[in-house]
Amino acid sequence: MTQIYLYPIWTRLWHWTNALLFIILIGSGASLHYGTDILAFDTMILIHNSAGIMLTIAWVIFLLGNLITDNSKHYRIQLKGLITRLMQQSYYYGIGIFKGDAHPFHVSAEMKFNTLQQLTYIGVMYGLMPILIISGLLFLFPTYLPDQFMGIGSIWIVAITHLIIAYLMVIFILSHIYIITTGETVFSNLQAMITGWHKGKDL
Amino acid sequence: MKNFKYVKIIAFLILLTNFHTGFANTTEKTENCLRCHSMETLAYRDKNTGEVINLYVNAQQYKQSNHKNLECTTCHAAEHNEYPHPASVKQEQLYCLDCHKEDSKFIPYRFTEIEQDFNHSVHVTESPYKFSCFSCHNPHQFKISQVGEDLSKIIGYDNGICLNCHAATGQSKSSATLLKSHQWLPNPSLHWKHVRCVECHTPAGEHFSHKILPSEKSVKNCVECHSKEATLLTRLYKYRSQEDLQETGWLNQAVFNRAYIVGMSRNETIDLWSLIILGFTILGLLAHGLGRFFTNKIRSNKK
C-alpha cells in the first residue's frame, strides 16, 4: 500500500466549494425553472444569483491556479496513443470492471486523470463552464442585449443556452458522483479528495 | 372650429418664443382659473343627458403634468377669462392631435401612430360609447411614464386607467366580471400587479401600442410571457432591469435582479428530452452499479 499526495489544499477547497455551489445552483435553478415554491421566488433568485457569481469567482480561481501552479499539467492532452487509451478505459468501464480486470490507468503525481476523465474535465471546465457563466452573466444584465438576435428574442436564446448547459451539468455531476466509486474501494477516491492523499496498492 | 384656429395660433406663438420668458405670467393666470376650478365640488348636471360634468381640476397634479408649463387658456379659449363664461365657449372641442400633430418636437411621442392605433382599437370600433383620448387621459393630469420610474407605480397607473371603467362598480363591467373573464389566469390580481393590461390586450411590439384588441385576439397563452415569445417578453423584461439598473446600480442589479420571471427558461421540448436523457443516465448508472455489485459477489464466491 502506497500513498501519494495528489490534491493540494487549494484544489480540495476549490473542489468542495464547487460541489456545494453546484448543489445550491441545481436546487435553486430547478426551483426557478419549474416554479415550485419551496422558498419565495425572490429569495430563490437571490440565492441562485449569489451562488452563480461565487461559482464564477471559483472558476477564475481555477484558471489562475492552473496558471500559477503546475496543476495545469493534468489538463495537457497527450495525443500519442489517445485513441487506444480511450478504448482501454471505455472497455474497462463497459466490460472489464465486471470481470474484475485491473484498472488500465495508474494514478501518478504526473497524471491524476485517466484519459476519459481528463477529456470530460477539459470539456466541462473549458467548454461548458464558460458558456454557463457567460449566459448566466448575460441573464443578469439583459439591458445590454439587443432585443432580437436573428429574429429570435435574445433573452430567450440566453435562457435556453443556460438551461441546456445546466442539464448537461446535472448529467456530469451524476456521472461524476458515480464514477468516483470505481476506485480502489467504493470510497477511496472520495477519501482522497478529503485528505489529499491517494492510496492504492497498484502505485 | 373657430376655437381650434385660435388654439393653434396661440400654441404656435408659444412655440416660437422661449417658454420660460413667454410664460412669465403663467402661474398667475393659471391661479386665476384655479381659484374656482380647484374646488373639488365644482360640477354641474348636463340638462340634456343628465350626466354630471365635473369641472374640478386637481391643481397639485396639474403642476406635475406634462402640460404644467401651459396656461389654461393655451388650450381653452381666452374668453374663459370672463366670468360667467360666455356661451360661445360652451361648445369648445379640444383634441390632443390639434397641437401635437405637426410640431417636430413631439415626434418621439409618435402621436400620429397613436391616433391610427387608437382608431383601430376595440373602443372605437366596437364600443357603443364615444371614445376619445380623454376617456383615458385627463388632459390636466396626463404624464407619460419614464423608464426608470418605479415599475409598480407605472403598472398601477396604467392599469388604473383601464380599471377605472372595467372594474367600476355599478357598471356592466364590475371587478367581479373582470375576475370572471380572467378566471383562466392563475391569480389574476397578482398578474395585474406585475403586468399591464395592455401587455395582453395590445399587439406585442417594440413600443406601447394604443390598439386595444378584441378579447378573442388577446394573449391567453402563458408561454408568451412565461417562456419564449420574444417581443412580449423582451418588452417587459427590459423595462424591469433598466429600472433596477437605474435605481440601484449595477452590482445590486446583478444580485437582486427581478428581471427573471417564472419559467423564463421553460421550453417543453427541451425539458422533455432533457428529463428523458437524465432518466436514462440515472438508470444506466444504477444498472452499472448493480452489475458491479453482483459480479463482484459472484467473483468473491468463486474464490
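Numbered from 1 within each chain, the chains take letters A, B, ... in sequence-line order. What you see is a predicted model, and the numbers here were worked out from it, not measured in a lab.
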For B:Y157, I'd like to know if atom OH has over 12 heavy atoms of other residues, nucleotides or ligands within 6.0 Å. yes

Could you check whether atom NE2 of A:H15 has more than 12 heavy atoms from other residues, nucleotides or ligands sitting under 6.0 Å from it? yes

Quick check: are there more than 12 heavy atoms from other residues, nucleotides or ligands sitting under 6.0 Å from CZ of B:F280? no

Say whether B:R292 and A:T182, considering side chains only, have a donor N or O and an acceptor N or O under 3.5 Å apart. no

Need one label for A:I164: side chain, backbone, both or neither, based on atoms under 4.5 Å from any heavy atom in chain B. side chain

Contact between B:L275 and A:Y167 at the side-chain level, heavy atoms closer than 4.5 Å - yes or no? yes

From B:I277 atom CD1 to A:I171 atom CD1, the distance as rounded to the nearest 0.5 Å: 5.5 Å

Can you confirm whether more than 12 heavy atoms, excluding those of A:K112, are under 6.0 Å from its NZ atom? yes

Is chain B contacted by the side chain of A:T161, its backbone, both, or neither, given a heavy-atom distance below 4.5 Å? neither

Mind running ring-ring contact (aromatic ring centres under 6.0 Å, His included) on B:H288 and A:Y93 for me, showing each step along the way? CA-CA 9 Å; B:H288 197 272; A:Y93 284 138; 7.0 Å; no

Here the gap from A:L163 atom CG to B:D271 atom CG, rounded to the nearest 0.5 Å, amounts to 6.0 Å

Report yes or no: does A:Y178 contribute a side-chain atom to a donor-acceptor pair with the main-chain N or O of B:G289 at less than 3.5 Å? yes

Might you confirm whether atom CH2 of A:W10 has over 12 heavy atoms from other residues, nucleotides or ligands at distances under 6.0 Å? yes

B:L285 versus A:I179: any side-chain heavy-atom pair under 4.5 Å? no

If you draw a 6.0 Å radius around CD in B:Q64, do more than 12 non-hydrogen atoms from other residues or ligands fall strictly inside? yes

What part of B:I282 gets closer than 4.5 Å to chain A, counting heavy atoms only: side chain, backbone, both or neither? side chain

Any side-chain heavy atom of B:T281 sitting closer than 4.5 Å to one from A:S175? yes

